[in-house]
Amino acid sequence: MNLSKPIKHLIKNMALRPFDFPIPDYPLPPYPISTELCDIICGFGRGSAELGIPTANVPIEQLPAEINDLDLGVYFGFAKINKVDKSVLMVDRNDGRQVQYNFGKFLSAKNGDLDTLPVVLSIGKNPFYDNKFKTVELHVLHKFSHDFYGAKLKFNILGYIRPELDYTTKEALINDINIDIEITKKVLSYEGYAKYKDILNA
Ligand code: RBF
Ligand code: MG
């Protein structure tokens, strides 16, 4: 394969941003990075409610150490969700509100919820929200009919899109996340990346 030709030049009708990194034809070290099954926990409850971009948050302690060495920013890969056989539970979020952990009870194989799905990940401190600690969150590119706190997921990271940025408006953040989503869809459709979907499935 020809490494001197990053595949991003094939992405048509998309304004590439000055901070976008060139994406090679296939994952280069340290990628792929693959995780074991990890818990899906509740974050700050902003992704879905405020941004309209829900994210599955995972505990950093359950991730391979290599992930801790990555720069703060936006990454892409695949993820697969597993249901956990537990009854619905109410859990206190750190802002005092209660959230329902349904452990993925309402996810449906027929709807494709349990397939290996493309994800765009944020590893960061969310400067726009001034978080104190680093979080790892995955936005799964799939239409779910229910949330799934308490379920588990396994994922891989196949490449890097851009550094984490601060924003002056919520709209600017949402706009960039939408571009990240478009880049992810495009890149994961290429052979050099698409084959990692089956690897996660195995
Ligand atoms: N937050 C930031 O403050 N700066 C970013 O550059 C940023 N990029 C993100 C990219 C993606 C693909 C996603 C899913 C989230 C990103 N976020 C970023 C995090 C966002 O603020 C967070 O998901 C919500 O605050 C919910 O916790
Ligand atoms: Mg979240």
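Order of appearance sets the numbers: ligands from 1, and atoms from 1 within every ligand. Keep in mind that the numbers below use all heavy atoms, side chains included, and drop hydrogens, waters and symmetry copies. Numbers for residues simply follow the sequence, beginning at 1.
- Under a 3.5 Å cut-off, the side chain of T35 and the backbone N or O of L63 do not form any donor-acceptor pair.
- Annotation: protein N, O or S atoms under 2.8 Å of the Mg ion (ligand 2) (waters excluded) comprise T55 O, T55 OG1, N57 OD1.
- At a heavy-atom distance under 4.0 Å, only side-chain atoms of T55, from C-beta outward, approach ligand 1.
- The shortest contact between atom 26 (C) of ligand 1 and any protein heavy atom is with G47 N, 3.4 Å.
- Note: F144 and H142 have perpendicular aromatic rings, judged against thresholds of 30 and 60 degrees for the angle between ring planes.
- The closest side-chain heavy-atom distance from V84 to D39 is not below 4.5 Å.
- When F19, Y129, F128, F44 are checked for heavy-atom proximity to atom 21 (O) of ligand 1, Y129 turns out nearest.
- Nearest protein neighbour of atom 11 (C) of ligand 1, counting heavy atoms only, is I177 CG1, 3.7 Å.
- Listed by number with element, the atoms of ligand 1 under 4.0 Å from a non-hydrogen atom of R46 are 25 (O), 26 (C), 27 (O).
- The minimum heavy-atom distance linking F103 with G150 is given by the pair CD2-O, 3.2 Å.
- Protein heavy atom closest to atom 8 (N) of ligand 1, with residue, atom name and distance, is R162 NH2, 3.0 Å.
- Counting heavy atoms closer than 4.0 Å to ligand 1, residue S122 contributes side-chain atoms (C-beta onward) but none from N, CA, C or O.
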Practice task
Could you check F155 against V58 for side-chain contact (heavy atoms from CB on, under 4.5 Å), going step by step and ending with a plain yes or no?
Solution key: CA-CA 11 Å; F155 65 98; V58 295; 4.2 Å; yes
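- At a threshold of 4.5 Å between non-hydrogen side-chain atoms, the residues D20 and I161 count as touching.
- If you run side chain to side chain contact (heavy atoms under 4.5 Å, CB included) between F76 and each of I23, I157, I183, D180, only I23 comes through.
- Taking only nitrogen or oxygen atoms, main chain and side chain alike, P127 reaches within less than 3.5 Å of ligand 1.
- Looking at ligand 1, you'll find an N or O of L165 within less than 3.5 Å of one of its N or O atoms.
- Not a single heavy atom of G124 sits closer than 4.0 Å to an atom of ligand 1.
- The minimum heavy-atom distance between R93 and G43, with the atom names listed, is CD-O, 3.4 Å.
- At a heavy-atom distance under 4.0 Å, only side-chain atoms of L51, from C-beta outward, approach ligand 1.
- Of the residues I123, I41, N126, the one that meets the side chain to side chain contact (heavy atoms under 4.5 Å, CB included) test with E137 is N126.
- Heavy-atom minimum distance, L138 versus A79: CD2-CB, 4.0 Å.
- Between the Y101 side chain and the C42 main chain, a donor and an acceptor come within less than 3.5 Å of each other.
- Near D180, the atoms of ligand 1 lying under 4.0 angstrom from a non-hydrogen atom of the residue are 10 (C), 12 (C).
- A continuous path of hydrophobic side-chain contacts links I174 to V120 [ILVMFWY only; heavy atoms under 4.5 Å].
- Of the listed residues (E137, K125, E50), the one carrying the non-hydrogen atom nearest atom 23 (O) of ligand 1 is E137.
- Of the protein's non-hydrogen atoms, the one nearest atom 12 (C) of ligand 1 is V120 CG2, 3.6 Å.
- Heavy atoms of L173 found under 4.0 angstrom from ligand 1 belong exclusively to the side chain.
- Judged by distance alone, with hydrogens and angles left aside, the side-chain atoms of N156 form a donor-acceptor pair with the main-chain N or O of F78 at under 3.5 Å.
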